[in-house]
2 protein chains.
Amino acid sequence: MAKAVVPEEARRRRRPTRQGTVLSEKLIVETALRMVREHGSAGLSARRLGAALGADPSTLYRYFEGMDGLTLAMGEELIGRALAGWAPTGRWRDDLRALGLRIHGAYLAHPQAALLTTSRVTGRPREIAADEAILGILRGAGFGDEDAVRIYHAYIDQSLAFAALDAGPLALTDEARASDEERWESTYARLPADDYPNIAATAGLLASRMPHSAYPVALEMLLETAERQLADAGD
Amino acid sequence: MAKAVVPEEARRRRRPTRQGTVLSEKLIVETALRMVREHGSAGLSARRLGAALGADPSTLYRYFEGMDGLTLAMGEELIGRALAGWAPTGRWRDDLRALGLRIHGAYLAHPQAALLTTSRVTGRPREIAADEAILGILRGAGFGDEDAVRIYHAYIDQSLAFAALDAGPLALTDEARASDEERWESTYARLPADDYPNIAATAGLLASRMPHSAYPVALEMLLETAERQLADAGD
DNA sequence: AGTTAAGGTCAATGGTGTTGGCATAAGACC
DNA sequence: GGTCTTATGCCAACACCATTGACCTTAACT
């Protein structure tokens, strides 16, 4: 193999590129995340990333095993950012709400990475830390182990699932996204009331609500049911 | 514009390709779904689809507005399959549960297509039919328009979001999927109880529950909250 | 039978990820 | 400080990709 990826710790020679930048895994991941954020997921390509870094595209392959590897590294970084600076308050429902919105938000800030990352179990430190924290909140609130695991599962998967779903539109080209959003007004608002009475009756509400994420509502509904189950069990 | 897409109904001339196939929107979508199922989502390209159909890639642009349009059509087909043969019972909670599981299941049957499709608004007939049906169930149950739309939004997005999330692992190679699943036993079950008391206490439950979809549980929690809100409003 | 244009094909454009070979300078060693 | 090794960046090339415009054939309507 002519090109083997060298682990970051083992790098010794830091040779600047022709344009003067000194590369590192960290710099590359951060630049990639910034590009995705600023120019949409279509804006990220080996060539453009190389150009942004002032380096030849092929140089990236000295740091990551292809664009997939780079994307996974971006996902790792996102988990870290979601948890950074978070501290529990002791009120379980508030804590779960805040944590959920943080995770959802961190992924949404980088849709491209979110799409490729959310359904993988990495087993890496920061993912484990998040799981431990959530289970701790639930068990601390008084849920039995069985209930805690059941709710934890629904909670974490729902958070990731909505992150991926909501990331979808953001990962599209501006054009495709605009046309999707507009569809609620251009198509749904014009359906004949005879054939589609329910859509017609709620067209205005739909058009204003659908382009936004349903995650907060779904999260609240989940927490509501959990709280009630806790109360019922306590009786 | 040299190439305008002609709507399926308006097509009159059915000229066979050089290799003898007679194209149609239906045939193309079905072939695309089959390709995605057999070769993964990366296996779908205009060139390969053209080859599979025995037609020049550019011919596809007479039927769809680019690959994006084809993707939307695939999503529409999946929704249609979910709805086919379904009939409401009149018990709203049962109906929503059954419909949700159907949609979830239809997408999971084509994991790679689900990943491409779930976050798109197609505005095509069968998607509209599904939306009309769901809104009808909710409004028929007695929910006010505002509540109906809020719950509809959370409900449909939750179904699609879990479909996409659960499709992720299925879209992986058998190898990668097995290693992801095994990670609950190989990594999580072996964490030191001192550092990770909550994971350690529930390791067995986690390993048995996590590899399965959380959708049914999450759906039930959503329906539970909805029912309670309906009861509260009725007082 | 003649006309029209739908619906095929071909060729070209400018993008993509990725790889093998090469050159050069960074750091180790004497 | 001089020399050597090799890590790391660069270049050129490959095989794909979506998409478009020009062209041609022939089915279907008059």
Side-chain angles (χ1 to χ4, degrees), chain A residues 1-25 27-28 31-32 35-36 39-72 74 112 116 171-173 175-176, chain B residues 1-28 32 35-36 39-73 116:
Chain A
M1 190 79 113
K3 299 214 176 179
V5 172
V6 176
E8 186 70 9
E9 321 79 66
R11 284 184 187 276
R12 300 181 311 183
R13 304 185 171 190
R14 322 249 51 151
R15 172 173 169 183
T17 70
R18 176 155 296 187
Q19 298 184 36
T21 5
V22 174
L23 297 178
S24 68
E25 195 175 305
L27 176 65
I28 296 173
T31 307
M35 287 186 69
V36 163
H39 307 300
S41 77
L44 182 67
S45 75
R47 290 174 142 81
R48 290 160 74 111
L49 181 53
L53 286 163
D56 188 272
S58 64
T59 307
L60 300 173
Y61 292 80
R62 299 249 185 238
Y63 289 83
F64 301 96
E65 295 183 4
M67 294 305 277
D68 266 18
L70 170 61
T71 314
L72 287 181
M74 292 163 72
Q112 157 96 349
L116 288 178
L172 297 173
T173 62
E175 206 176 336
Chain B
M1 189 77 114
K3 301 216 176 178
V5 173
V6 177
E8 186 70 8
E9 322 80 70
R11 284 183 187 276
R12 301 178 309 182
R13 323 178 64 187
R14 320 248 56 153
R15 157 140 91 144
T17 70
R18 177 152 294 187
Q19 299 185 36
T21 6
V22 174
L23 297 178
S24 69
E25 195 175 305
K26 189 169 183 291
L27 177 65
I28 296 174
M35 287 187 68
V36 158
H39 308 299
S41 51
L44 183 67
S45 76
R47 291 174 134 79
R48 291 157 75 107
L49 181 53
L53 286 163
D56 189 273
S58 64
T59 307
L60 300 173
Y61 292 81
R62 299 246 185 240
Y63 289 84
F64 302 97
E65 295 183 5
M67 285 287 114
D68 192 61
L70 173 60
T71 304
L72 294 182
L116 294 175

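The basis for the numbers below is simple: all heavy atoms, side chains too, and nothing from hydrogens, waters or symmetry mates. Below, chains carry the letters A, B, ... as their sequence lines are ordered, and counting in each starts from 1. Quantities reported herein were computed from a predicted structural model and do not represent experimental measurements.
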(message) With side-chain contact (heavy atoms from CB on, under 4.5 Å) as the test, pick out the partner of Leu70(B) among Tyr63(B), Phe64(B), Tyr61(B).
(response) Phe64(B)
[X], nearest nucleotide to its side chain (from [options]):
{"X": "Tyr61(A)", "options": "dT18(C), dC10(D), dT9(C)", "value": "dT18(C)"}
{"X": "Arg62(B)", "options": "dT8(D), dG7(C), dG20(C)", "value": "dG7(C)"}
{"X": "Pro57(A)", "options": "dG9(D), dT18(C), dT9(C)", "value": "dT18(C)"}
{"X": "Met67(B)", "options": "dG17(C), dA22(D), dT19(D)", "value": "dT19(D)"}
{"X": "Thr59(B)", "options": "dA18(D), dG17(C), dT9(C)", "value": "dT9(C)"}

Measure [atom1]/[X] against [atom2]/[N] and give the value in whole Å, please.
{"X": "Glu25(B)", "N": "dG8(C)", "atom1": "CD", "atom2": "C1'", "result": "17 Å"}
{"X": "Glu65(B)", "N": "dT19(D)", "atom1": "CD", "atom2": "C1'", "result": "13 Å"}
{"X": "Asp56(B)", "N": "dA6(C)", "atom1": "CG", "atom2": "P", "result": "19 Å"}
{"X": "Leu60(A)", "N": "dC10(D)", "atom1": "CG", "atom2": "C1'", "result": "12 Å"}
{"X": "Arg18(A)", "N": "dA26(C)", "atom1": "CZ", "atom2": "P", "result": "14 Å"}
{"X": "Leu23(A)", "N": "dA7(D)", "atom1": "CG", "atom2": "C1'", "result": "13 Å"}
{"X": "Ile28(B)", "N": "dG8(C)", "atom1": "CD1", "atom2": "P", "result": "8 Å"}
{"X": "Phe64(A)", "N": "dG9(D)", "atom1": "CZ", "atom2": "P", "result": "12 Å"}

Side-chain donor/acceptor pairs under 3.5 Å, residues 44-52 of chain B, sequence neighbours excluded:
residue  : atom : partner  : partner atom : Å
Ser45(B) : OG   : Arg48(B) : N            : 3.1
Arg48(B) : NE   : Gly43(B) : O            : 3.0

(message) Can you list, in residue-number order, the parts of residues 44-54 of chain B that come under 4.0 Å of DNA chain D, counting heavy atoms only?
(response) Ser45(B), Ala46(B), Arg47(B), Arg48(B)
(message) side chain to side chain contact (heavy atoms under 4.5 Å, CB included), that's the test. Do Leu60(B) and Met67(B) meet it? Break it down for me.
(response) CA-CA 9 Å; Leu60(B) 300 173; Met67(B) 285 287 114; 4.0 Å; yes
(request) Please report the C-alpha distance between Gln19(A) and Leu53(A) in whole Å, then the side-chain angles of each, then the deciding distance to 0.1 Å, and finally whether the side chain to side chain contact (heavy atoms under 4.5 Å, CB included) criterion is met. (result) CA-CA 9 Å; Gln19(A) 298 184 36; Leu53(A) 286 163; over 6 Å; no
(request) Kindly give the heavy-atom pair with the smallest separation between Thr21(B) and Gly54(B), and that separation in Å. (result) OG1-O, 3.7 Å
(message) Checking Asp56(B) against Thr59(B) for the side chain to side chain contact (heavy atoms under 4.5 Å, CB included) test, could you report, in this order, the C-alpha distance in whole Å, the side-chain angles of both residues, the deciding distance, and whether it holds?
(response) CA-CA 5 Å; Asp56(B) 189 273; Thr59(B) 307; 3.8 Å; yes
(request) For Thr71(B), check side chain to side chain contact (heavy atoms under 4.5 Å, CB included) against everything at least two apart and list the hits. (result) Leu116(B), Thr117(B)
(request) Please determine if a side-chain N or O atom of Tyr63(B) lies less than 4.0 Å away from the OP1 or OP2 oxygen of dG8(C). (result) yes
